[in-house]
Undergrad: 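There's a structure below that I have some questions on.
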Amino acid sequence: MNSSLEIIIAQELEQLAQSAVNDKGNPRELQLLLLKALLEEEGKVKAK
Amino acid sequence: MIAKDTMEMSQAEDEQTTISDDRKSTIAIVQLTRFGDVVQTAHAVREFRNEYPAIRLILIARKRFAAPLRWLLDTLFDQCYFLDFHQMMDSTSNKELSLDEICNKLHGFVSRINSEDINVLLNLSFSKSSGLLCGLINAKNKLGMNNDPQSLELRISDHWSQFVYSSVMRGPLSPFSLVDIYRRMMGGFKPVATTSVRPKIDYNQQKISIAIHPFASDPKKRWDGKKWVEIIYQLLKIHPNLEITIVGSRDEQLAGEEIINAPLIDNYSHRISNMAGETTIKELFELIAASDLFLGHDSMVSHVAAYQQCPTITIALGTVRPHETAPFGINNYVLAPKTKCFPCFPKDSCPLYKCHADIPFQIVHSVVDTYLKHGEINRKFLEEKSSSFHLDAVKCYQSKFMDTGMYQLIDTLRNDLSLTDFFRLLYRISWLYFFTSEEETHDIPPLGADVAKQLPHYRKGLQQLFELCEFGKKYSQYILEEISSQTPNLINIKTHSAKIDEIDSLVKVLHQCYPHLAPLLDYLAVQKGNLQGSNIVELTESTYFVYSDCSAVSSLMYDLVLKSENKVTGKRSISQPEV
């Protein structure tokens, strides 16, 4: 269900990593990382 | 928008609004893991509440694990925020949500929390997501895993959290109950107030009720249903006044039916019922509270029983670490196998489930029988009912609270300590002293020849670690001296820094030679990964203190090992490791 979302998150994280080398602390990046982690953990719960 | 039920004020808070005090300090607890962890958190918070009724407590948890416990959480927390993952991902229309829309929902959730004036944000869950969520939440102080909102790096700055990150669910050497760790992390630790001992069961009473939960979330942690059928058959056959209720979730309903419909227990079907999937969680709490005994595996239901102060007998299998997660309370019993690979890790593949076979069902029956008739379990009672062969296959722990107020499992069968048991005890004494300056009273345990033989080897390892840490302190000091000199020499600083790197790689080698020193070495690694400071002076000072801490713990452990060795050999002299 969320595989496309995971790809979109990964793409945006990559873009942020490339464009904001010296601009850390972007809350969007933290939000995306959190969403990515939640998706991964949800996948593990489902796998159980 | 966030779902209404994740936003609504709890009833408890509504009631407390009338007596609200603007000066109240607020602690926000993050617990994003499963039901069992939420129940254990509730247990710790109940104790904390008794000590500090005026502190405003907030819970941040996942809706799927916390919402069914809302009725309980509302009695403990002033406000609950439930992260509803599915609501965040799903659109009310058929159209899929865009990433921006999902991020907006997440932002809304975090903004709600950030409207609170949080003094301390305490992360009790050690998951990636919880650290990242803590990075988004504003608080004056943060304890536990949290990602720095600027650098995004993971930070763990307090001792207890560093301990959890380096020891809990890693090996078999973590000596503390999770509930105690949570209580310590919250602070203001006092001996448990709410745990009481139930009066001994009157074996001749009209009816004795046992709630059995023969399930667990992971197949490694539970027996096959057939083994449970054998135990239930024996119990119903021998005890005519016994009534058994199988409890569990809807997912476990079918497995429960298979057990109660087993031909072996056909004759006793009027004394057994399957309530798995038939109760709400609140009703499950009530059902267990009304039971005389809980029997089952280490699972969320066993924590419910502990919360309700129902005596428990649990069977620890697979990945379960009884010293960490056994039901919290006095006089609970745990049966654990002596299998070498126990406890294992969730990722370990295991086709044989040897630990399942290593606990004979006969011993479970003997333990329950002994408990029902005597109200306690000890080797003498069990020897009357079980063969030495069966008794020697298992460990039977009884829970108690030590003079420090900390929960501890004691081996009722008085088996000789294994090297792992011995080191777990050393770590218990050492960590507790190091983290809290409290000394817990333990006799120097009697050791078997096999264990005694390995102590000089480990003492040597502790000596080496001590020496490395002393070198670490020395080179940190050299760097600080160089920096504070009138003409700091960069090459000298780099040389000393290279020495510190060399020390760290030598510490890694100790890991391979002394596996039972892993918790201490891992703790050192976690501390080194979380140095305090933003410039070379602060970071070097922090490095000095990290080595100093590890040096102190290794020195203490060295002394304890030497004392134990001397007890075996009859010597009296005690010496410190020397550089």
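Residue numbers start from 1 in every chain, and the chains themselves are labelled A, B, ... in the order their sequence lines are given, proteins ahead of strands.
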Undergrad: So for atom CZ, which belongs to B:F35, do other residues, nucleotides or ligands contribute more than 12 heavy atoms lying within a distance under 6.0 Å?
TA: yes
Undergrad: Please answer whether the main-chain N or O of B:S127 pairs with a side-chain N or O of A:E41 as donor and acceptor at a distance below 3.5 Å.
TA: no
Undergrad: Taking atom CG of B:L83 and atom CG of A:L34, what is their separation to the nearest 0.5 Å?
TA: 7.0 Å
Undergrad: Would you compute the distance between atom CG of A:L5 and atom CD1 of B:I102 and round it to the nearest 0.5 angstrom?
TA: 4.5 Å
Undergrad: Output the distance between atom CG (A:L33) and atom CG (B:L133), rounded to the nearest 0.5 Å.
TA: 12.5 Å
Undergrad: Could you grab the distance from atom CZ of B:R62 to atom CG of A:L38, nearest 0.5 Å is fine?
TA: 5.5 Å
Undergrad: Over all heavy atoms of both residues, which pair between A:Q31 and B:L106 is shortest? Give the atoms and the distance, please.
TA: O-CD2, 3.8 Å
Undergrad: Hey, could you give me the CG/CD distance between B:L99 and A:E12, rounded to the nearest 0.5 Å?
TA: 5.5 Å
Undergrad: Side chain, backbone, both or neither: which part of A:L32 has a heavy atom under 4.5 Å from chain B?
TA: side chain
Undergrad: Answer yes or no: does atom CD of B:E538 have more than 12 heavy-atom neighbours from other residues, nucleotides or ligands under 6.0 Å?
TA: yes
Undergrad: Can you check side chain to side chain contact (heavy atoms under 4.5 Å, CB included) on B:M89 and A:L35, steps first, answer last?
TA: CA-CA 10 Å; B:M89 292 293 166; A:L35 282 175; 3.7 Å; yes
Undergrad: Hey, what do you get for CG (B:D100) to CZ (A:R28), rounding to the nearest 0.5 Å?
TA: 4.5 Å
Undergrad: Mind listing the closest non-hydrogen atom pair of A:A37 and B:L132 along with its distance?
TA: CB-CD1, 3.8 Å
